[in-house]
Every structure is written in structure tokens, then in C-alpha cells.
There are 2 protein chains.
Amino acid sequence: MNIGDVAERSGLPAKTIRYYEDIGLVKPLRSANGYRSFRNGDVHKLAFLGRARALGFSIEDCRNLLKLYEDDHRTSAEVKQIAEEHLGRIDRKIAELTEMRATLAHLVDACAGDHRPDCPILADLATTQEEIARANKSG
Amino acid sequence: MNIGDVAERSGLPAKTIRYYEDIGLVKPLRSANGYRSFRNGDVHKLAFLGRARALGFSIEDCRNLLKLYEDDHRTSAEVKQIAEEHLGRIDRKIAELTEMRATLAHLVDACAGDHRPDCPILADLATTQEEIARANKSG
DNA sequence: CCTTGACCTTCCAGTAAGTGGAACCCCTAT
DNA sequence: ATAGGGGTTCCACTTACTGGAAGGTCAAGG
């Protein structure tokens with residue numbers, strides 16, 4: 001199968017598939033004319049990668065997951081560990097974003113958004129840590 | 001003031017400060033010996049940048065916010081628009097991560113995490129869109 | 001006077017995961 | 001013969017830094 005068909009079936013852009021070959025995630029054969037020739041197993045692998053990437057796994061995680069997937073002697077504990085670590089990273093990221101969101105929403109709420117220059121958003125950004133520390137100490 | 005002091009006061013690594021000069025966010029003077037010489041205004045600007053970055057604003061957003069900050073004829077509407085767009089991006093990112101998290105948590109939960117090879121996580125990743133479509137059609 | 005150590009300088013390379021584009025080859029249909 | 005729609009390689013660019021090498025500057029101590 002040529003790369004265009006594989007792209008359609010796997011849902012990945014042809015560019016991405018070439019990139020995945022570059023970094024050794026898939027190893028398609030080559031036809032006489034130099035075109036990549038993908039077997040069903042390659043397409044399956046690429047779909048696997050697409051799904052793992054959609055769940056936010058890093059390429060390195062994907063590489064390891066793929067290795068486990070193809071290893072009959074794997075243990076589910078190994079897979080679960082990768083997934084749990086990733087879950088932890090997601091949770092930390094969500095927490096970080098949620099905190100940003102809260103601060104930002106508060107500031108946006110306080111901003112009139114009119115023609116005047118006064119702006120609590122800029123006022124907050126201009127507040128240095130020193131000033132915050134001073135305010136905390138005195139308040 | 002030398003870069004080390006500025007780094008300490010602004011909370012930004014010296015490397016980052018040099019990078020910010022590189023991309024034109026700050027323009028410190030130079031001493032006779034070639035060292036960067038920061039004025040109070042530069043330190044203030046860097047603290048502003050650090051705070052904006054901590055809220056997740058992109059460098060380009062920071063550039064624009066800084067411009068508005070220094071523009072007496074700004075309107076708070078301009079600032080608010082940047083902040084609202086950023087808030088939207090944060091919300092979309094949180095939604096994306098939350099969805100990933102739900103799927104992943106479900107899979108992790110279903111995985112025994114023992115010595116056996118059977119693993120619902122891998123099974124899910126190996127599920128192609130075709131198979132999902134087929135399952136949806138038949139189910 | 002020399003050295004040591006903590007500063008500072010520039011420049012180059014690498015990170016994650018692709019994406020865009022140029023220049024060029026291949027195959028089929030008209 | 002040529003037009004189109006594939007495919008190929010290679011290089012550059014993206015974000016926001018970070019690490020490291022090679023070397024200049026300065027104050028203190030022996």
C-alpha cells in the first residue's frame with residue numbers, strides 16, 4: 001500500500017508517517033520505484049500510534065507501548081505504569097491550567113474592557129514579587 | 001545592574017533574560033566592559049514578562065501586552081481581548097486534557113497491572129477507527 | 001604579581017513533534 | 001507529448017528556552 005492510502009486509513013498525515021519512519025517507529029518496505037510499501041501490520045501500527053498520540057502519550061511513550069504491544073512476554077503492569085505516569089502528568093497539567101484559568105478569569109472579570117486605559121490585568125502583571133511580598137507582610 | 005542581580009530580582013534565569021534581549025523584549029544598555037547594564041525599568045519589564053508567562057501568555061502575547069502597558073493611549077478593551085483569547089485557549093486545552101484524562105483513567109482502572117500480558121490499555125490502543133466504526137454500526 | 005573563582009560574553013546545538021515548501025521522479029490518461 | 005496526481009528527498013521553521021564550550025573581566029588572597 002502507498003503512503004496516501006495509509007494516511008487515509010490511519011488518519012495520520014503522510015508527512016507524519018514519513019516522520020515516524022525517520023525516527024524508527026515503522027519500517028515500511030520499498031517498491032522498485034522507491035515508493036514506501038506498507039503492509040497491514042504497518043497500517044495497524046500507525047493507527048495504534050495515532051490513538052496513543054491522541055491520548056497525549058509522548059513519542060517515547062508510544063515507542064515503549066508499541067514495544068510492549070509486540071512483546072508476548074510483556075506484563076500488564078509495565079503498560080499500566082506508563083499509563084499511570086502519563087495520567088499523573090495530565091493531572092498536573094490540568095491543575096496548572098486550572099490555576100492559571102482562575103487567576104486570569106478573575107482579572108478578565110475585573111477589567112472594564114472599554115476605551116479607558118485603566119486595566120486591572122496590566123496592573124496585576126506589573127505587580128512584582130517584591131510588591132506582593134511587601135503587601136503580604138504589611139497586610 | 002548586572003544580569004545575575006536582575007535574574008535574582010526578576011526570578012528569571014540569566015539565559016532567559018539574554019534570550020528576551022535577543023528577541024527584542026528588553027534592550028539593556030552595555031557597560032564599558034561589554035556587560036549588560038539593566039535599569040530599573042528593564043527589571044520591571046522582566047518581572048512583567050515573568051508574570052505574564054506564568055499565566056501562560058505566549059511570547060507574542062507578552063510582546064503585545066508590554067506594548068499596551070507602555071502605551072498611555074491604550075484602551076482596556078485591547079488588553080481584555082488578548083486575555084480573553086488566551087482564556088479561551090486555556091479552556092480548550094483543559095477540555096482536551098480532561099477528555100484524555102477520562103479515557104485514560106478508565107483504561108488504567110480496567111488494567112489489572114499484574115504479571116499477565118492481557119491489557120485493556122493496549123487493547124484500546126490497538127482498536128482502529130475501522131473497528132470502532134464497525135462496532136458502532138453493528139451494536 | 002599571579003592565581004582562583006565567580007562573574008560575564010558569544011555562539012552553536014538540541015529539545016518535541018511535526019509542518020511547509022522546493023526541486024525532482026513516477027505513472028496513467030488523454 | 002503533456003498534464004495531473006501521486007511519490008521522493010532535503011532543508012528550514014515552529015515554541016521558548018536550555019546546556020555547554022571557549023573565552024573575557026574583576027575582586028580578593030597569597
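Letters go in sequence order (proteins before strands), and every chain restarts at 1.
- For the OP1/OP2 pair of D/dG19 and a distance below 4.0 Å, the side-chain nitrogens and oxygens of B/R18 include no atom meeting the criterion.
- When each of D/dT8, C/dG20, D/dT25 is scored by its nearest atom to the side-chain atoms of A/K15, the top-ranked nucleotide is C/dG20.
- Side-chain atoms of A/Y35 lie closest to D/dT8 of the nucleotides D/dT25, D/dG19, D/dT8.
- OP1 or OP2 of D/dC26 lies within a sub-4.0 Å distance of a side-chain N or O belonging to B/N33.
- Whole-Å rounding puts the B/R30 CZ to C/dC8 C1' distance at 10 Å.
- Look at OH on A/Y19: it is 18 Å from P on D/dT8, rounded to the nearest Å.
- Note on B/T16: every side-chain N or O is 4.0 Å or more away from OP1 and OP2 of D/dA16.
- We find that CD1 of B/I59 is positioned 9 Å from C1' of D/dC17, with the value rounded to whole Å.
- Here B/R36 reaches the OP1 or OP2 of C/dT10: one of its side-chain N or O atoms lies under 4.0 Å away.
- A donor-acceptor contact under 3.5 Å is not formed by the side chain of A/Y20 with the base of C/dG18.
- Comparing B/A32 and B/R53, the nucleotide of DNA chain D nearest to each residue sits closer to the 5' end for B/R53.
- Spacing between atom CD1 of B/I17 and atom C1' of C/dC7 amounts to 14 Å, rounded to whole angstrom units.
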